[in-house]
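I'd like to ask some things about the structure below.
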Amino acid sequence: MIKITLPDGSVREYQKGTSSHEIALSISEGLARNVISAKVNGEVWDSSRPIHSDASLQLLTWNDDDGKATFWHSSAHLMAEALEALFPGVKFWVGPPLENGFYYDVDLGGQTLSPTDFEKIEQKMLELAKQNNSYQRKEMSKKEAIAYFTEKKDEYKLDLLERLEDGNITFYTQGNFTDLCRGPHIPTTGIIKAAKILNIAGAYWKGDEKNKMLTRIYGITFPKDKELKEYLVALEEAKKRDHRKLGKELELFTFSEKVGMGLPLWLPKGAMLRERLEQFMRTAQTKAGYLPVITPHIALKELYVCSGHYEKYGADAFQPINTPQEGEQFYLKPMNCPHHCEIYKSAPRSYKDLPVRYAEFGTVYRYEQHGELHGLTRVRGFTQDDAHLFCRPDQVKEEFCKVIDLVLYVFNALDFKDYTAQISLRDPENKTKYIGSDENWDLAEQAIIESAKEKGLKTVVELGEAAFYGPKLDFMVKDAIGRKWQLGTIQVDYNLPQRFELEYTGSDNQKHRPVMIHRAPFGSLERFVAVLIEHCAGNFPLWLTPEQFAVLPISEKFNDYAAGVLNQLQALGLRGKLDDRNEKIGKKIRDNEVNKIPFMLVVGEKEAQENKVAVRQHGKGDIGVYDLKGFADFVNGIIENDFKEKALK
RNA sequence: GCCGGAGUAGCUCAGCUGGUAGAGCAGCUGAUUUGUAAUCAGCUGGUCGGGGGUUCGAGUCCCUUCUUCGGCUCCA
């Protein structure tokens with residue numbers, strides 16, 4: 001007999017070789033029906049796989065992330081089976097589950113797929129699923145495995161096999177499809193009831209652009225048809241939040257082919273929004289002891305040679321700007337830090353002066369690859385809420401913590417709750433691609449890890465993701481469609497101070513080297529606004545929104561009164577506009593609702609007589625009649641209350 | 001950059017197998033003077049992304065170029 005420990009701590013005894021499916025069956029038939037796979041001693045297994053010794057067991061269903069992953073991985077195999085049936089000779093690379101669905105990278109031998117093929121694949125998948133074939137696991141010797149795929153002429157699987165150890169190789173077969181696979185899998189194909197091919201894309205084999213491009217087919221499946229329908233509806237809803245769509249509809253920003261791709265043009269409303277964000281940050285920074293600086297958009301090549309950026313990015317950068325003077329070359333600035341280093345150097349510094357914190361909304365230009373450009377999230381010219389802190393080595397940790405506080409302050413203000421803090425460290429395998437000494441790197445990495453821990457951040461550590469000049473802490477946020485973007489960033493830099501020979505005089509009257517910290521809580525204003533738009537679906541917080549209200553006169557007779565209302569409210573510190581078009585009130589309301597204006601102030605005969613406004617709130621409807629002061633107090637009260645709740649100032 | 005879609009009026013889109021462009025909204029003009037999600041009528045507006053080619057004839061077919069969208073980390 002073996003002892004099985006369940007997640008609630010209870011222990012049950014079973015015959016040696018009992019499978020988790022059988023264990024589920026012994027608990028309840030309903031549970032057994034829903035079990036997709038099982039976590040045995042922390043490892044996900046097929047539910048049919050016999051357990052031979054004492055173990056902890058967690059039965060996984062569709063409601064567990066690991067259960068979903070099993071389901072989708074098996075679905076990838078099902079799709080592969082369908083592809084093989086429809087396109088004989090297709091070769092397979094890998095087909096992993098994703099957060100939502102799965103993909104399979106395949107070599108279609110030059111064929112291309114069209115949306116009509118999508119339907120064919122979906123139908124074939126469901127047809128095969130109905131056969132209710134089981135996924136059968138089989139251990140193979142490396143020799144047998146190689147023989148199998150040599151026969152099949154699948155060089156991709158053979159490549160995988162090369163790097164696998166003999167004795168650790170398994171195959172899975174369902175129906176007519178056999179694949180090299182570690183597993184685990186769902187019991188049978190029959191539980192896959194709904195399938196959708198989402199899209200296809202090219203993907204380099206092993207992610208290397210030197211390799212052949214395979215076709216990546218994305219799909220998703222569900223145990224119930226209803227869930228697929230709901231998912232597709234949710235996907236449509238998410239697309240409505242896309243900042244590129246809302247940015248156009250709400251007149252926030254635009255692009256022009258004449259100006260150049262990836263160079264955003266901020267329209268008045270977008271600019272107003274952005275200016276308020278900048279003001280918010282300026283206020284917070286001033287309180288945190290930052291000093292403003294302003295630097296030009298171009299600098300001599302020598303500056304970047306000194307900083308090392310030229311060596312690192314020179315080839316990918318925009319081309320140099322030449323001047324009439326022989327040999328003089330300027331570059332558009334890709335970063336603000338070298339300029340700030342020169343500001344630090346403009347005067348001798350004492351240890352008593354440190355830390356010095358220079359802040360600038362610095363616009364930088366980077367040559368991003370054509371295909372990488374994406375709305376406001378990836379552009380070629382953008383403005384960072386940049387700052388550089390110069391401090392003594394003993395101040396690094398404290399300064400780092402203060403910066404984390406500032407980032408959290410911003411995220412809190414804007415209700416960003418779903419973020420992860422990514423700590424990016426050196427690639428231990430390849431330390432030569434980084435600039436700076438080993439000891440300095442270790443010091444910096446420790447400071448980051450400790451600060452993040454002290455602030456209680458939910459962190460992910462990524463090896464090899466560090467910048468070439470130092471480790472960093474990035475705040476990652478997801479957009480409407482689930483894509484991850486980096487917003488705030490904090491980076492320790494022991495390198496630039498050395499390259500620029502920055503110094504301060506210590507209490508010992510000796511010269512010492514300061515440490516530099518780069519930080520940008522928003523990251524770039526462009527990307528931040530993009531994520532903000534998607535986060536609030538265009539319904540910006542009252543304190544930020546470009547237009548807080550619109551005054552809607554019932555007819556032209558009340559245009560004068562309405563104009564007076566606008567003036568008085570503006571004098572009371574609110575932002576709004578007058579909608580005096582010759583339209584009926586219903587039309588004005590509709591248009592302003594669509595434009596997500598928070599408050600609509602309807603004014604007609606009654607209001608004009610009493611010097612009041614009838615207030616309608618976006619998405620809520622009529623909320624009653626206010627006098628002007630009362631309305632201003634109401635709006636400001638909401639803002640103050642919001643700030644108070646979040647402990648903002 | 002690479003693979004695969006797309007590009008028709010300011011916006012959203014229609015235009016079958018080639019026969020010289022169409023709707024709604026927006027805009028303009030006029031009528032209406034309106035009470036909580038679209039008042040009515042008329043009008044303007046497009047060298048069909050650009051360039052080249054095939055053809056008697058190209059929005060439609062071919063080539064090329066630009067822009068745009070999805071993807072190119074997630075190693076059975």
Side-chain angles (χ1 to χ4, degrees), chain A residues 69 73 76-77 80 92-99 102-105 108 110 112-115 140 145 149 154 156-157 159-161 163-164 168-172 178-185 198-218 239 242 244-245 248-249 251 254-258 260-262 316 367-375 462 464-465 481 483-484 552-559 581-595 600-607 614-623:
Chain A
H73 181 202
H77 278 233
F92 299 94
W93 169 233
V94 297
L98 303 168
E99 212 168 306
F102 56 88
Y103 70 77
Y104 217 122
D105 279 349
L108 291 163
T112 54
L113 293 180
S114 71
M140 297 285 270
F149 284 108
D154 193 328
Y156 306 106
K157 292 293 179 188
D159 180 88
L160 273 175
L161 274 168
R163 279 165 294 144
L164 293 180
N168 202 13
I169 293 173
T170 51
F171 275 31
Y172 275 83
T178 298
D179 201 358
L180 169 68
C181 183
R182 169 171 44 189
H185 281 286
L198 296 169
N199 50 40
I200 50 173
Y204 296 108
W205 184 35
K206 300 190 211 176
D208 187 337
E209 58 185 293
K210 287 185 206 80
N211 286 336
K212 181 171 180 177
M213 185 162 277
L214 303 176
T215 304
R216 177 166 296 180
I217 308 176
Y218 288 87
K239 280 184 189 158
D242 192 313
R244 291 165 299 187
K245 184 174 155 63
K248 191 182 274 180
E249 286 171 2
E251 297 171 348
T254 189
F255 289 90
S256 148
E257 287 188 23
K258 267 211 185 82
M261 60 167 121
D316 303 325
Y367 187 80
E368 300 289 353
Q369 288 203 91
H370 176 230
E372 296 274 7
L373 299 174
H374 181 93
E462 296 287 347
E465 286 295 309
I481 337 176
R483 286 179 289 217
K484 262 192 193 169
L552 317 184
I554 292 282
S555 81
E556 284 179 354
K557 283 191 239 162
F558 310 105
N559 281 358
R581 293 174 301 164
N582 182 5
E583 293 289 352
K584 293 176 80 168
I585 195 67
K587 168 72 164 167
K588 294 187 187 181
I589 286 171
R590 179 185 154 75
D591 288 349
N592 284 286
E593 284 283 353
V594 168
N595 283 317
M600 281 150 278
L601 311 181
V602 178
V603 296
E605 179 103 50
K606 270 183 291 175
E607 291 77 17
V615 181
R616 182 190 165 98
Q617 191 166 1
H618 170 74
K620 282 193 183 152
D622 198 341
I623 59 165

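For the numbers below, each heavy atom of this structure counts, side chains included, while hydrogens, waters and symmetry mates do not. From a predicted model like this one, the values you see are computed outputs, not experimental measurements. Sequence lines set the chain letters: A, B, ... in the order given, protein chains first and strands last, and positions in each chain run from 1.
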In whole Å, what is the span from the NZ atom of A:K606 to the C1' atom of B:G35?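 A:K606 atom NZ is separated from B:G35 atom C1' by 7 Å.
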Can you list everything that forms a side chain to side chain contact (heavy atoms under 4.5 Å, CB included) with A:E251? Sequence neighbours excluded, please. A:L267, A:K269
Distance check: side-chain N/O of A:K584 vs OP1/OP2 of B:U32, anything under 4.0 Å? no
Would you tabulate the nitrogen or oxygen pairs shorter than 3.5 Å linking the protein to nucleotides 25-29 of chain B?
residue	atom	partner	partner atom	Å
B:A26	OP1	A:K587	NZ	2.8

Output the rounded distance in Å from NZ (A:K248) to P (B:G10). 12 Å
Residue A:K557, side-chain heavy atoms: nucleotide from B:G35, B:C72, B:U33 that is nearest: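 Of B:G35, B:C72, B:U33, B:U33 is nearest to the side chain of A:K557.
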Taking side chain to side chain donor-acceptor pair (under 3.5 Å) as the definition, give me every residue that meets it alongside A:Y156, ordered by chain and number, with sequence neighbours left out.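 Only A:D107 meet the side chain to side chain donor-acceptor pair (under 3.5 Å) criterion with A:Y156.
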Looking only at side-chain N and O atoms, does A:R590 come under 4.0 Å of OP1 or OP2 in B:A38?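 False: A:R590 side-chain N/O out of range (4.0 Å or more) of B:A38 OP1/OP2.
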Side chain to side chain contact (heavy atoms under 4.5 Å, CB included) with A:K584: which residues, sequence neighbours excluded? none
Considering every strand shown, what is the Watson-Crick or G-U wobble mate of B:A58 when both distances are under 3.5 Å?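 Result: none.
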Derivation and outcome, salt bridge (charged side-chain N to carboxylate O under 4.0 Å, His left out), residues A:E605 and A:K557: CA-CA 9 Å; A:E605 179 103 50; A:K557 283 191 239 162; 5.8 Å; no
Both distances under 3.5 Å, Watson-Crick or G-U wobble: report the partner of B:G30, or none. B:C40
So what's B:C11 paired with, Watson-Crick or G-U wobble, going by both distances under 3.5 Å? B:G24
Rounded to the nearest angstrom, tell me the gap between atom CG in A:N595 and atom P in B:A38.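 Roughly 15 Å, once rounded to whole Å.
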Results of salt bridge (charged side-chain N to carboxylate O under 4.0 Å, His left out) for A:K239 - residues two or more places apart only: A:E236
Could I get a table of every N or O pair under 3.5 Å where one atom is in the protein and the other is in nucleotides 67-69 of chain B?
residue	atom	partner	partner atom	Å
B:U67	O2'	A:E257	OE2	3.4
B:C69	OP1	A:R244	NH1	3.3
B:C69	O3'	A:R244	NH1	3.3

Please check if the number of heavy atoms outside A:E249 that lie under 6.0 Å from its CD is greater than 12.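 Yes - once you tally the heavy atoms of other residues, nucleotides and ligands closer than 6.0 Å, there are more than 12.
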Among the candidates B:C2, B:A37, B:U34, find the nucleotide nearest to the side-chain atoms of A:N582.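 Of B:C2, B:A37, B:U34, B:U34 is nearest to the side chain of A:N582.
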